[in-house]
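Working notes for the structure below.
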Amino acid sequence: MIASKTEEEIALLREPCRIVRDCLAFVEERIRAGMTTREVDEMVYKFITASGAEPSCLGYCGYPASACVSVNEVVVHGIPDERVLEEGDIVSVDLCAYKNGFHGDGARTFCIGEVSDEKKKLVRVTRECFFEAVEGLKAGTPLYDIGYKVQRHAESNGFSVIRSYTGHGIGHEMHEDPAVPNFGRRGTGPRLPENAVICVEPMIAAGGWRVKVEEDGWTAVTLDKKPAAHYENTIVIRESGVEILTL
Ligand code: MF3
Ligand code: CO
């Protein structure tokens with residue numbers, strides 16, 4: 001059984017989700033070559049705290065920063081450090097805000113200056129995977145239809161779906177049930193109830209889907225070192241479709 005939120009809870013969730021949305025837009029406007037990933041993280045920390053929220057990632061299972069900043073072959077959970085962003089990099093920024101007792105969660109992949117055609121296509125297709133997945137999604141849809149649609153769109157473009165990380169439910173906790181895989185069989189899985197709140201987050205690789213986690217216990221990189229991209233929103237499942245809270 002997948003849990004539903006009450007309308008009161010959804011009303012409270014809107015604010016952290018708006019902060020995530022606005023923070024991602026704030027980062028998008030400012031991120032550039034020459035900046036370190038730590039400076040990106042500082043921007044996120046300041047924005048979220050100035051909004052009266054807390055950065056949910058900071059201290060989560062010992063995670064040392066407010067944002068995950070994942071460059072090129074880093075799929076997710078890149079720890080901000082002194083690495084300098086360069087023209088041609090793609091950078092996934094994933095962040096969560098906690099306010100009103102609820103979390104909001106979102107991610108985007110940004111292009112630094114001119115990037116290769118392959119990276120440009122990867123970033124575009126990853127975003128499209130999200131919209132393919134939520135198209136027609138509504139109360140009663142089998143959960144794994146989401147992954148089916150993400151996988152179909154990614155693979156038909158010659159890319160692969162990361163298997164070892166998934167989307168998730170969200171609410172009082174940053175990660176709640178159910179896990180929301182980005183691959184699967186159409187028509188399978190539990191049916192999504194009205195007012196379920198979940199994060200749909202395709203993580204797509206230009207090469208193979210295999211990933212290894214570095215010594216720091218967080219940084220997830222593609223085994224073949226090919227680039228990967230990430231696009232995530234927090235959504236509410238409604239009777240007639242979805243409401244996207246972080247867009
Ligand atoms: N925001 C991520 C997600 O999409 C989780 C980040 S893990 C953390 O689920 F440790 F950085 F918090
Ligand atoms: Co998430």
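As the structure lists them, so they are numbered: ligands from 1, and atoms in each ligand from 1. What's counted below: heavy atoms across the whole structure, side chains too, no hydrogens, waters or symmetry copies.
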Do the rings of Phe102 and His172 sit parallel, tilted or perpendicular, given the 30° and 60° boundaries? parallel

Checking side-chain polar atoms at under 3.5 Å, does Asn233 have a donor or acceptor matched by the opposite partner on Thr246? yes

Would Glu29 and Arg108 pass as an ion pair if we require N to O under 4.0 Å? no

Restricting to N/O/S, name the atom of Glu201 that gets closest to the Co ion (ligand 2). OE2

Could you pull out the atom name of the N/O/S atom in Asp105 that is nearest the Co ion (ligand 2)? OD2

Neighbour list for ligand 1 [protein residues, heavy atom under 4.0 Å]: Cys57, Tyr60, Tyr63, Cys68, His77, Asp94, Cys96, Asp105, His168, Met174, His175, Glu201, Trp218, Glu232

Starting from Leu58, can I reach Leu95 by hopping between I/L/V/M/F/W/Y residues whose side chains sit under 4.5 Å apart? no

Flag for Asn72-Lys225: side-chain donor and acceptor within less than 3.5 Å: no

Under the criterion salt bridge (charged side-chain N to carboxylate O under 4.0 Å, His left out), which of Glu243, Glu194, Glu176 is the partner of Lys5? Glu176

Row for the Co ion (ligand 2): angle OE2 (Glu232) to NE2 (His168), 10° precision, value 120°

Parallel, tilted or perpendicular: which describes the rings of Tyr98 and His103, with under 30° parallel and over 60° perpendicular? tilted

